[in-house]
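Inspection log for the structure reproduced underneath, given as structure tokens.
The structure displayed is predicted, hence computed values, not measured ones. So that the names make sense, note that chain A is the first sequence line, chain B the second, and so on, each numbered from 1.
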Number of protein chains: 2
Amino acid sequence: MSPEKSPEPAARSLFSLQRRERLMEQLRAHGSVTVRGLAAELGVSELTIRRDVNILADAGLVSRVHGGATLPSPLDRSASLSRHQANRYAIGMVVPSLDYYWPQVISGARAEAEDQQARIVVRGSSYDAADNRRQVQALLDTQNIDGLIVAPDMRGEAGHELLRWLNALPIPVILAERRSPADIPAHRLEWVATDHAFGAGMAIRHLWQEGHRKIGCLTDSSSPTSSHVVRGWRQAIAALRIPEEESVSEDSARVPAGERTAHFDRVLEMCRDTGTSAMLVHSDTQAVAFVQHCVDRGVDVPGSMAVVGYDDEVAYLAEPAISAVRPPKQYVGRVAVQLVTARLAEGRKRPVHRIQLNPDLIVRESSLGSPRAAADAGLASTT
Amino acid sequence: MSPEKSPEPAARSLFSLQRRERLMEQLRAHGSVTVRGLAAELGVSELTIRRDVNILADAGLVSRVHGGATLPSPLDRSASLSRHQANRYAIGMVVPSLDYYWPQVISGARAEAEDQQARIVVRGSSYDAADNRRQVQALLDTQNIDGLIVAPDMRGEAGHELLRWLNALPIPVILAERRSPADIPAHRLEWVATDHAFGAGMAIRHLWQEGHRKIGCLTDSSSPTSSHVVRGWRQAIAALRIPEEESVSEDSARVPAGERTAHFDRVLEMCRDTGTSAMLVHSDTQAVAFVQHCVDRGVDVPGSMAVVGYDDEVAYLAEPAISAVRPPKQYVGRVAVQLVTARLAEGRKRPVHRIQLNPDLIVRESSLGSPRAAADAGLASTT
DNA sequence: TCTGAAACGTTCAAACTCGAACAATGGTTG
DNA sequence: CAACCATTGTTCGAGTTTGAACGTTTCAGA
């Protein structure tokens with residue numbers, strides 16, 4: 001049966017076709033793959049991956065290079081690339097990061113673009129409206145772009161101005177993992193986003209079903225996802241009649257990097273005071289850090305503290321492996337490209353689409369089993 | 001639903017169809033199946049399963065791989081020609097009405113089904129959960145239905161039970177112009193719906209731009225659209241800083257048919273008392289009746305009372321022709337079919353999609369021009 | 001330019017899967 | 001009632017996939 005499509009090593013063998021699909025996903029996400037890295041990741045021999053690369057190169061889908069493969073390159077003169085089709089559209093993508101979360105969005109976008117004879121031009125940016133605008137402008141100035149997929153910083157007046165500017169561009173603009181606020185006149189903008197509130201709710205219900213009756217939330221409000229996660233957590237604990245005023249909900253945004261240890265100690269102390277036995281932690285990197293901190297303090301995960309992460313980027317790497325809410329990043333990219341190309345093909349008669357996608361919950365060791373008694377020594381104060 | 005683990009004696013040809021349905025179910029759930037595993041599970045020979053896989057591959061429903069089958073893969077070059085086989089899927093549609101609003105939804109669904117070699121089977125129902133369920137069950141009992149598009153009545157416990165039942169069906173179910181409530185565990189249901197709140201807001205902003213400063217709302221809460229329209233009206237007047245408590249907002253649901261004239265007289269009196277010079281009226285039929293009533297009472301439309309209808313089904317027939325918010329009904333049907341067929345093709349790996357489409361505002365005579373002075377004779381009390 | 005490490009390609013074997021050919025069975029039809 | 005058809009199962013030779021082993025090629029650093 002098909003394993004989870006995470007970077008996590010494959011637990012079961014894949015059919016060869018599925019392995020090549022995974023190879024293509026990694027390639028689209030990162031621009032290149034290594035034979036050695038992929039063999040380790042997929043649990044097969046380097047020879048097998050090398051054979052796959054050869055098959056894909058023969059099909060014109062990759063450029064074979066020493067040690068691995070890259071996305072098809074115009075510099076690659078092998079005969080197979082003569083299959084390279086003319087591109088109907090050029091779609092620009094400006095994403096906040098090229099190494100966390102967004103590579104899979106890009107991978108999905110590239111896969112869909114391939115299906116639709118479009119090409120994707122990616123620029124990395126940041127969580128800053130001015131930088132976002134600079135990158136979009138640079139794309140528009142230097143390439144013949146037919147449509148845009150962006151994940152703009154929408155905070156403050158600079159963010160609002162950016163949205164109005166994007167709305168006024170003469171080409172289709174799709175927001176990925178962003179929703180245009182109702183009170184900003186940006187009615188042409190279409191978007192596709194994960195329903196993070198639903199994802200948070202799913203995590204809380206899972207922890208409830210594992211027996212936890214006090215479930216907290218640890219987020220980082222510098223991330224645009226954060227407010228949705230908190231909203232979902234709130235709605236879910238309300239539905240379960242867990243009093244919010246007795247629940248731990250902390251924001252790490254203003255904690256200086258050097259004070260994270262103290263911050264986590266305060267969080268653990270609040271957990272002890274309130275009897276909280278489970279935490280939803282956004283994002284994965286913070287979940288990994290939090291779990292490591294618990295282990296350092298002798299707090300057993302999941303015995304004394306169950307943890308669910310968010311994003312499912314690195315949760316599987318922790319010890320114990322951390323459960324996580326997994327947004328459908330590949331599909332976000334795919335659907336964004338579908339929105340661009342449909343808009344280009346159909347024009348104004350097509351109604352503006354706004355699409356929410358539901359995430360999955362990936363259950364691992366960090367949240368299995370019911371909580372031990374609250375008096376358990378593992379939740380004692382730090383010394 | 002967990003079917004029996006061993007085949008029962010049955011008509012052999014019927015059994016082979018059921019076996020292929022089981023195969024497709026496993027495939028959609030897990031992404032791939034092995035010939036060996038499925039033969040063991042279904043108690044037949046591997047050759048039988050292999051023959052089934054070949055049949056399904058020829059129909060374009062699976063990709064055949066060494067040892068089993070996967071969902072159709074873009075890397076599989078052998079299956080693509082077969083995707084054009086006629087009537088790949090049968091899609092059932094159960095709609096509340098066959099003569100208002102829904103015919104265009106069905107039309108859009110049929111157009112998309114034609115593009116995708118699917119066939120649509122329609123049953124009319126009503127705004128009643130028990131009737132909705134009877135019609136769905138009748139469809140399922142008498143036809144081999146692969147997916148469903150429904151617009152169920154979701155009010156009360158009967159409506160909630162219907163949603164849970166729909167959620168548990170083993171085939172894809174799409175809600176058209178309905179959104180499953182967040183507090184009902186119906187997480188598999190996908191939907192496509194018009195953003196009626198946005199539509200109402202668009203109408204209010206149009207009337208504001210035409211110079212109206214007091215804008216009311218007349219709805220009919222027996223319609224599921226109504227609550228969204230009221231919410232949009234509220235948000236829009238809040239954004240325009242029109243005090244809601246000084247605004248006319250009336251519900252016609254409980255007005256007996258014989259008392260409509262008196263009801264409209266009361267509404268006009270409230271308008272006079274509050275200086276309301278424009279009304280958003282849901283639905284079109286009520287807008288036509290309201291405009292006719294205004295004319296009967298000597299209230300000039302749009303001079304003394306501007307009116308915008310909703311649904312754009314019959315608004316154009318009135319004299320004067322009535323502006324209306326037009327939901328993208330054809331696209332609702334189209335997108336619903338796209339959701340069904342994508343679910344059938346991609347199975348469980350595809351995230352649940354929830355899609356909002358923006359309506360258009362069609363401006364006609366009934367809302368053009370600024371309001372005349374409040375003292376205008378045309379808004380005098382009825383005699 | 002040389003060298004060692006890494007990567008690649010070829011060969012062969014093991015394990016597993018496929019499918020043609022043929023047979024058996026039960027239902028349908030003339 | 002016999003002939004025909006659809007469906008399913010068995011057998012066995014052919015085919016596919018993967019990895020080990022080993023010789024060859026490539027690349028980066030000294």
Side-chain angles (χ1 to χ4, degrees), chain A residues 1-3 9-24 26-27 30-59 61-70 73 75-80, chain B residues 3-24 26-27 30-59 61-70 73 75-79 82 144:
Chain A
M1 306 303 195
S2 178
R12 308 278 186 88
S13 62
L14 294 163
F15 287 130
S16 56
L17 190 64
Q18 291 174 306
R19 193 178 57 237
R20 289 193 280 278
E21 286 176 338
R22 291 285 299 271
L23 193 161
M24 288 305 301
Q26 287 294 332
L27 189 60
H30 302 290
S32 64
V33 295
T34 68
V35 166
R36 171 171 287 199
L38 217 46
E41 180 181 323
L42 299 181
V44 294
S45 75
E46 292 178 22
L47 180 54
T48 297
I49 298 298
R50 200 164 295 125
R51 286 185 177 120
D52 285 342
V53 167
N54 286 342
I55 290 165
L56 295 168
D58 290 346
L61 298 174
V62 309
S63 290
R64 182 178 6 209
V65 297
H66 193 79
T70 67
S73 165
L75 299 178
D76 186 347
R77 305 297 178 84
S78 46
S80 59
Chain B
E4 295 146 347
K5 289 276 185 180
S6 301
E8 295 209 350
R12 292 180 76 168
S13 69
L14 185 56
F15 179 53
S16 65
L17 281 177
Q18 288 174 322
R19 193 178 58 235
R20 287 195 279 273
E21 285 172 2
R22 285 291 306 281
L23 194 161
M24 287 307 301
Q26 288 290 337
L27 195 56
H30 301 291
S32 64
V33 295
T34 67
V35 166
R36 172 173 286 200
L38 213 49
E41 180 181 328
L42 299 183
V44 293
S45 77
E46 292 179 22
L47 184 53
T48 296
I49 298 297
R50 201 166 294 129
R51 288 184 178 121
D52 285 343
V53 167
N54 285 343
I55 290 163
L56 295 168
D58 290 344
L61 299 175
V62 309
S63 287
R64 178 179 15 212
V65 294
H66 194 83
T70 70
S73 167
L75 294 180
D76 177 12
R77 303 304 172 116
S78 61
S82 303
N144 215 19

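- Remark: P of C:dG19 and CG of B:D52 are 13 Å apart, rounded to the nearest angstrom.
- Distance from the side chain of A:R50 is smallest for C:dG9 among the nucleotides C:dC18, D:dG19, C:dG9.
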Review point. Can B:I49 and B:R19 be said to form a side-chain contact (heavy atoms from CB on, under 4.5 Å), step by step?
Key: CA-CA 9 Å; B:I49 298 297; B:R19 193 178 58 235; 4.2 Å; yes
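- A:N54 places its CG atom 15 Å from the C1' atom of D:dT17, with the value rounded to the nearest Å.
- There is a side-chain donor-acceptor pair under 3.5 Å between A:E21 and B:S73.
- Residue A:F15 contributes atom CZ, which lies 11 Å from atom P of D:dT18 at whole-angstrom precision.
- The 5' end of DNA chain D is approached more closely, in terms of each residue's nearest nucleotide, by B:S45 than by the other of B:S45 and B:H66.
- Between the side chain of A:R51 and the base of C:dG9 there is no donor-acceptor pair of N/O atoms closer than 3.5 Å.
- Backbone-only contact: B:V65 has heavy atoms under 4.0 Å from sugar-phosphate atoms and none from a base.
- Between B:L42 and B:T48, every side-chain heavy-atom pair lies at or beyond the 4.5 Å cut-off.
- At D:dG9, one or more side-chain N or O atoms of B:T48 fall inside 4.0 Å of OP1 or OP2 (strictly under the cut-off).
- At C:dA7, one or more side-chain N or O atoms of A:R36 fall inside 4.0 Å of OP1 or OP2 (strictly under the cut-off).
- In this structure, A:L47 atom CG and C:dG9 atom C1' are separated by 8 Å, rounded to whole Å.
- Following rounding to the nearest Å, B:E46 (CD) and D:dG9 (P) show an atom-to-atom distance of 11 Å.
- Going from atom CG of A:L17 over to atom C1' of C:dT17 covers 16 Å, rounded to whole Å.
- Taking only side-chain nitrogens and oxygens, B:R19 comes nearer than 4.0 Å to OP1 or OP2 of D:dT8.
- A straight line from CZ of B:R20 to P of D:dT7 spans 7 Å, rounded to a whole angstrom.
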Check your understanding: Checking side-chain contact (heavy atoms from CB on, under 4.5 Å) for the pair B:L47/B:R51: CA distance, chi angles, key distance, verdict?
Key -> CA-CA 6 Å; B:L47 184 53; B:R51 288 184 178 121; 3.3 Å; yes
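- The side chain to side chain contact (heavy atoms under 4.5 Å, CB included) test with A:V62 singles out one residue from A:L56, A:N54, A:D52, and that residue is A:L56.
- Between A:I55 atom CD1 and D:dT16 atom P there is a gap of 12 Å when expressed in whole angstrom units.
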